[in-house]
Amino acid sequence: MRGSPTDRRPTPHHRRLRRTAVAAAPAVLLLPLLGAAPPAGQSSSSPARLQGAFTAAAARYDVPRSVLLGVSYLQSRWDAHGGAASVTGGYGPMHLTDARTALAEAPHHSEGTEDARGDDSRARLVPEADLPQPSGLPARLRTLTKAAELTGLPAEALRTDAEANVAGGAALLADAQRELGAEPSTDPADWYGAVARFSGADDRATAAAYANEVFAVIRDGAGRVTDAGQRVTLAAEPDLRPDTGQLSRAGLRAAAVDGTECPRTVSCEWIPAPYEEFGDNDYGNHDLADRPKSQSIRYIVVHDTEATWDTTLKLVQDPTYVSWHYSLRSTDGHIAQHVKNKDVGWHAGNWYVNAKSIGLEHEGFLASPDAWYTEAMYRTSARLVKYLAEKYRIPLDRRHILGHDTVPGPTTATIPGMHTDPGPYWDWRHYFELLGKPFGPTSGKNGSLVTILPNYPDNRPEFTGCATGGEPCAVHGSSAVRLYSEPDVTSPLIKDVGLRPGGGDSTIDVNDLGSRVSTGQQYAVAGRQGDWTAIWYLGQKAWFRNPKGRPTAVGAAGPVVTPRQGLAEIPVYGRAYPEQEAYPAGVPAQAVSPLPYKLLKGQKYAAGDRVPGEYYYAVGFDTSGHRVVVGEDLYYEIQFGHRVAFVRAADVRVLPAA
């Protein structure tokens, strides 16, 4: 996602393509779904109409309805997203792709002024992407065009009409079955190969992982109300055992899996980032280390790429660029690992966080940050994060599973340039459900600590700047909740003196984090008034709407910090570095630089881990000079604004939230 909230220049990858493809198939193939009368007993606005569309499309193309429903669930959870494209140009319940705009790219590590490494001891690293020449989009990003040819339906209908979209998906599944030389069948077990091919994966492991996930959905069953108010149900088939041998006829390559650090339930291949020396005593694109022996791994950082899959892989293999540990593909959830978890990637813009984190880049390049992410990618990402969290004993909460947008600027000067991905449209509530750690109340509704928890599909705050600076974004569900200076939506937004040192007002720009909170974050309550709740935020009392009938926050329990007695205010930090005396000879002491914020007397903030000051000295290609410096000073991580921050333990009292 675009970096600085002060940079509102429309980039090329924010331009949507609105051309309509010409239907190439004979008119006799047109389905009677568009404009057709609904089934008996259903009105055109019936909440069961989409269910009928799955039934009709399955019958028309001789695809088992459960297979069609299972594939669609893994693509979109049956949501239509109002015709908006996903992050890889996919449309509708079947995620039919038309990603021609993907060729205009601007990878997010190349945008704005964020130093991806974030280490004062080295020259700033703000690389410009040397984009490879486009070689045409792969078939997995052009399925909508093929669906239009197979059905005779207009491309625009396949994008915007959910029922037509389902028909297109059924046609693609039937075509995949034919290409495998298999006969149509009413038995879902006979469709494993076709489902695997539908994924668009070019390797066997990814195709198999995708098909396994679809058939797991069919075995378990599912049911939900979609974002368009449609009730869809998939009856469970617990005894279903698909014919996995069909995959051998698909002609897919074998991926390089040796050396990967992934759970067995996902597809994962090794595409290494280079550790190379070049130029004038320079090297890249990560640092060798010995984690967790030398230093703990405390964070997992979620990013999106703002680039195509192929471009992402080429950039991370450039020694002059930056690096992260894993990339995840949107269409099928495939994973590529680039950096060993023992080593330190350059991805988060804060060296303290980099040295103690694992970075995950999620494919997304269609520019509008109001676009959506596939269920396949959410599920694979959650499996990977759960595996890593268990392996490295990382708690599954928003203080340890960070978005890039919650990583603090390490110094005052860096705050305006910090990146804002994955942004307000990443569904943190659903993500943590998939992690097996759903958010919910842990105390009474009138407690002194709250967890932000809006209902994602119904929570639709206004944003601007998705496609063009100042222009409204498409209406969309969101994880974000806006903050006000008074319990009134007409009152000013909260000001962020770090983002705007001159005291300028916050905005509703999609990349402006100055006055909003996010699902799963916890804050100390500063007051209540009617349908409004106030929290302590960036040293201020900040209000958000929290009506009893449709709450946007629930009660929470846990410790809070407040300035110790006798202190009117205390400094806040963007990194937990050791005191000067802790540095050994040969390792330059790093400044313990306070941010421009203050934690004032009487204010309270949700407290996380208590940690010693720590700094990883790694400024040369030769690892013999690398050192991990650990100090005596202790810090608490706190939820201070939208981003986390740190305070010295000696400056605060720790209290239980009442």
Side-chain angles (χ1 to χ4, degrees), residues 116-122 125 257-263 268 270-278 281-301 316-317 319 321-327 335-361 384-385 387-395 400-402 407 410 575-578 582-590 609-635 637:
R117 196 173 192 274
D119 181 10
D120 295 349
S121 65
R122 282 198 61 184
L125 177 64
V257 299
D258 292 345
T260 56
E261 300 165 286
C262 293
C268 188
W270 176 242
I271 302 177
Y275 185 71
E276 294 181 9
E277 192 170 18
F278 59 86
N281 297 319
D282 207 351
Y283 72 96
N285 60 12
H286 58 280
D287 279 295
L288 302 184
D290 191 23
R291 305 183 307 173
K293 292 181 181 178
S294 60
Q295 53 191 319
S296 63
I297 300 174
R298 294 183 55 243
Y299 304 109
I300 296 171
V301 182
V316 79
Q317 294 176 86
Y321 201 63
V322 299
S323 64
W324 48 93
H325 295 81
Y326 299 90
S327 296
I335 299 171
Q337 184 176 1
H338 313 297
V339 177
K340 293 293 186 182
N341 292 328
K342 72 179 185 66
D343 298 327
V344 176
W346 302 350
H347 59 94
N350 182 316
W351 183 240
Y352 176 81
V353 174
N354 278 339
K356 305 187 75 62
S357 71
I358 294 170
L360 276 58
E361 287 279 2
L384 176 60
V385 168
Y387 162 83
L388 295 172
E390 182 176 353
K391 182 175 182 178
Y392 298 108
R393 300 182 180 179
I394 302 171
H400 297 86
I401 311 303
L402 302 176
V407 174
R575 55 194 182 188
Y577 273 0
Y583 290 85
V587 178
Q590 300 299 301
D609 295 341
R610 187 174 76 157
V611 297
E614 187 174 303
Y615 173 67
Y616 182 42
Y617 181 66
V619 298
F621 182 76
D622 183 357
T623 61
S624 63
H626 293 188
R627 296 285 186 276
V628 177
V629 181
V630 180
E632 296 292 332
D633 270 0
L634 298 176
Y635 292 82
E637 180 187 330

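Residues take their numbers from the sequence shown, with the count starting at 1. Because only heavy atoms are used, hydrogens play no part in the values below, and waters and symmetry mates are left out as well, while side chains stay in.
Using a 4.5 Å cut-off on side-chain heavy atoms (C-beta onward), Leu634 and Glu632 make no contact. Tyr577 is not listed as a side-chain neighbour of Val629, based on a closest heavy-atom distance of 4.5 Å or more. The closest side-chain heavy-atom distance from Asn285 to Pro274 is below 4.5 Å.
The CZ atom of Arg291 sits 6.0 Å away from atom CD1 of Ile358, with the distance rounded to the nearest 0.5 Å. Note that NE2 of His347 and CD of Glu361 are 8.5 Å apart. Values are rounded to the nearest 0.5 Å.
Minimum interatomic distance between Tyr616 and Trp351 (heavy atoms only, all atoms of both residues): O-NE1, 2.8 Å. Annotation for Ile271 and Ala336: closest pair CD1-CB, 4.0 Å, computed over non-hydrogen atoms. Pairing each heavy atom of Cys268 with each of Thr260, the nearest pair is SG-CB, 3.7 Å. Among all heavy-atom pairs drawn from Glu261 and Leu388, the shortest one is O-CD2, 4.5 Å.
Between Phe621 and Tyr275, the ring planes are parallel. Angles under 30° get that label, and only those over 60° would be called perpendicular. Using a 30° and 60° split on the angle between ring planes, Tyr615 and Tyr617 fall in the tilted class, from 30° to 60°.
Looking only at atom types and distance, the side chain of Glu637 has a donor-acceptor partner in the side chain of Tyr299 under 3.5 Å away. In summary, the side chains of Asp290 and His626 do not present any donor paired with an acceptor at a separation below 3.5 Å, with no hydrogens or angles considered. Side-chain contact, Asn341 with Tyr326: a donor N or O sits under 3.5 Å from an acceptor N or O. His338 and Ser327 share a donor-acceptor pair across their side chains, judged by distance under 3.5 Å alone.
Atom CD of Glu390 has 12 or fewer neighbouring heavy atoms from other residues, nucleotides or ligands inside a 6.0 Å radius.
Residues passing the side chain to side chain contact (heavy atoms under 4.5 Å, CB included) test with Lys342, sequence neighbours excluded: Lys340.
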